[in-house]
Number of protein chains: 2
Amino acid sequence: MSGQKRSATRADVARLAGVSASTVTYALTGERSISDETRKRIMDAMAELDYTPNAMAQGLAGRRSGLIALSFPVGERGFESSDFEYVQAATDVLSRAGYQLLMWPNPIEDLDSLRRIVSQGLIDGVVLMEVRREDPRIPVLQSTRTPFVLIGRTDNESDCDWVDADFGQWGPMAIEHLAEEGHEHIAVIGLTEDMFTAGYGPVVRTEQNLVSAAKKAGVTLDIERVRPNIRAGKEAMETMLAGANPPTALIGFNQPAVIGAIEAIVSHGLSIPADFSLLQLGISPEAAETTFPAQTSIGVDGALLASTAARFLADSLAGASTGSEPRHFLGDAVFTDRGSTGPVPRK
Amino acid sequence: MSGQKRSATRADVARLAGVSASTVTYALTGERSISDETRKRIMDAMAELDYTPNAMAQGLAGRRSGLIALSFPVGERGFESSDFEYVQAATDVLSRAGYQLLMWPNPIEDLDSLRRIVSQGLIDGVVLMEVRREDPRIPVLQSTRTPFVLIGRTDNESDCDWVDADFGQWGPMAIEHLAEEGHEHIAVIGLTEDMFTAGYGPVVRTEQNLVSAAKKAGVTLDIERVRPNIRAGKEAMETMLAGANPPTALIGFNQPAVIGAIEAIVSHGLSIPADFSLLQLGISPEAAETTFPAQTSIGVDGALLASTAARFLADSLAGASTGSEPRHFLGDAVFTDRGSTGPVPRK
DNA sequence: CTGTTAGCGCATTCAG
DNA sequence: CTGAATGCGCTAACAG
């Protein structure tokens, strides 16, 4: 056993370097100038003792924990690989700014736990994911004066910092792409009304934009809203294909349902993209390439969104007190052609 | 502005309740007995002041942060919904034991960061996921005397606490199931050699068991090892089906590749399970039901694994000093019939 | 059953 | 350019 019982403290370093304790701190933070001579002695001492500052003590004394919570409620939707893109990007930016990310997977409704953790002084700021149109977490954070940023938007948009996809671009982009290829009758498979009333922002906005873009382009839309599962999507698609005037393309905003829809399309004797076109909204690259065929999609760069959010938060933590204007960021729509759309087939 | 600048401290509570500061602590921890009278006064005072103990100060004084890191390196494999099952289960158990989970997504090789975070005194223990046969994180944790538990195993099994799937059951169970249905020639699509040499434990163990079980059952195996992507799986399956004596069933241990394999099977004019049987190993329920058809599978209860690991860690944190025997747990194989296997077709 | 006293390791005044 | 003193909010002996 060669173990040192207790790890070295700042006092140990100071002693070994022959300086005072506070000088060690300043050598570390650079808050005031130090002679090269002294700095070197301190650095050497730190290296020799394998010194690492104690985070708790830093937090207590400096009223800054270096921890950021990522509120990542996992509801019906579950976890997708795309979600990790967000986590990863946020982690990168924040760690560069000296913060660690604390994942907080509790449900949105668990406000007591949220209140507790932010009151504990353990957390400097919060990134909120899966934001609802009226999000109960926000008042909690505001009342405890905890800095935060949203990935997503509430109905009251101007109220705080947020980043979000520019859903306004999705509908027009999707409709235009398909209209250009000659499609005049397009199926849409979205999410159920539940998601509407639960206030799931993207769903509402996107569908609205789709409708208005279709009107402008003179395209007929056949909208079905179903639960996010394969069977529901399959049934919805079968119904649409069995109609008198079946659609020649599908716009999906519901990945599990679209998997079922693909099955329905293929069973119907149609092949993609020769006979039928498929365009999926808001899907991650990973998920889009997990199906057969892979899905052409319109979405947002999640990493860009998350890293921007992280930057907003880091900035407002740096600027501490000042209540400058809220900052917003809209991520451009990204079109990725994976070959699942094509010109409308001749009869 | 009605904001209290600074949140209430233990001293404030003590003053308002008319007791000494330490009494407040003991009322909270129950470390020594207190008259009901006094306890009530303290509780009332805490409620009135909306008091929450400061986590940093608790950590500094009590040398216990209440934070557990979950080392969750995200490599080539990415993030799957099943992974969240682990996170969720671990979080539940640990929060009941008074801990928060800090997600640590850094790559396995990022040992400097790991060393730093555990030396900071910010973390009481670590749960390691994606454990390699020789995992470099382990020496780091041992040298810093940080309690930890593995989800997975190293080659040196007796060395520390771990939980893992009982892979020994998978091979026999898979072979027996298919053999009973009359299959005599079975394809296997596993992962590439890279994963072998990278020391990805499950891959190695499972394939070995598959081979020995097949020998015992008198079944012929046709093993292909491919990268985890759709195209590779499709090509591998096409090759096998084009052979002189094509297999009648597939055992997969590579989800993306199996998606491609399914496509190859269907294109070949075979339908599942009437003409061809499919059995997937080690896949999450979510992923198994994301394909068409859904996949019958053999795997492990991830939530059980993770919660057991969490319990191991919580226990060893409670029993602090004592170095009792390492604890191990093997999760039973779980067979889930999703209808993708059936009797071998008559010629 | 309760109060008093030291620290935990560091940031930050205040003095040179 | 550097040192000394104070306190962050709490736990854990030590005293009754």
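In what follows, chains carry the letters A, B, and so on, assigned in the order in which the sequence lines appear, proteins first and then strands, with residues in each chain numbered from 1.
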Just to be sure I understand the rule, does [X] reach a base, reach only the sugar-phosphate, or reach nothing, if contact means heavy atoms closer than 4.0 Å?
X	result
B:Ser35	sugar-phosphate
A:Thr29	nothing
A:Val19	sugar-phosphate

Give the rounded distance in Å between these two atoms: [atom1] of [X] and [atom2] of [N].
X	N	atom1	atom2	answer
A:Glu37	D:dC1	CD	C1'	13 Å
A:Ile34	D:dT2	CD1	C1'	8 Å
B:Leu60	C:dG9	CG	C1'	5 Å
B:Gln120	C:dG9	CD	P	15 Å
A:Arg15	C:dC10	CZ	P	12 Å
A:Arg39	D:dT2	CZ	P	9 Å
A:Ile42	D:dT2	CD1	P	8 Å
A:Asp12	C:dC8	CG	P	11 Å

B:Thr23 vs A:Asn54, nearer the 5' end of DNA chain C by closest nucleotide: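 That would be B:Thr23.
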Is the base of [N] touched by the side chain of [X] through a donor-acceptor pair closer than 3.5 angstrom?
X	N	answer
A:Tyr26	C:dA11	no
B:Arg63	D:dA12	no
A:Ser22	C:dA11	no

Do the side-chain N or O atoms of [X] get closer than 4.0 angstrom to the phosphate oxygens (OP1, OP2) of [N]?
X	N	value
A:Tyr51	C:dC10	yes
A:Thr25	C:dC10	no
B:Ser20	C:dG3	yes
B:Gln58	D:dG9	no

Do [X] and [Y] sit within salt-bridge range, that is, some charged N less than 4.0 Å from a carboxylate O?
X	Y	answer
B:Asp44	B:Arg41	no
B:Arg133	B:Asp155	yes
A:Lys40	A:Asp36	no

From B:Tyr26 atom OH to B:Ser20 atom OG, the distance as rounded to the nearest 0.5 Å: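 Reported value, rounded in 0.5 Å steps: 9.0 Å.
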Between CD on residue B:Gln100 and CZ on residue A:Arg116, distance to nearest 0.5 Å: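 Separation between the atoms: 8.5 Å.
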Chi angles and distances behind the side chain to side chain contact (heavy atoms under 4.5 Å, CB included) call for B:Val131, B:Trp162: CA-CA 10 Å; B:Val131 175; B:Trp162 54 257; over 6 Å; no
Nucleotide nearest A:Ala61 (side chain, heavy atoms from C-beta), chosen from D:dG9, C:dG9, C:dC1: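 Ranking D:dG9, C:dG9, C:dC1 by closest atom to the A:Ala61 side chain puts C:dG9 first.
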Candidates D:dC10, C:dT2, C:dC10 - which lies nearest the side chain of B:Thr9: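 Ranking D:dC10, C:dT2, C:dC10 by closest atom to the B:Thr9 side chain puts D:dC10 first.
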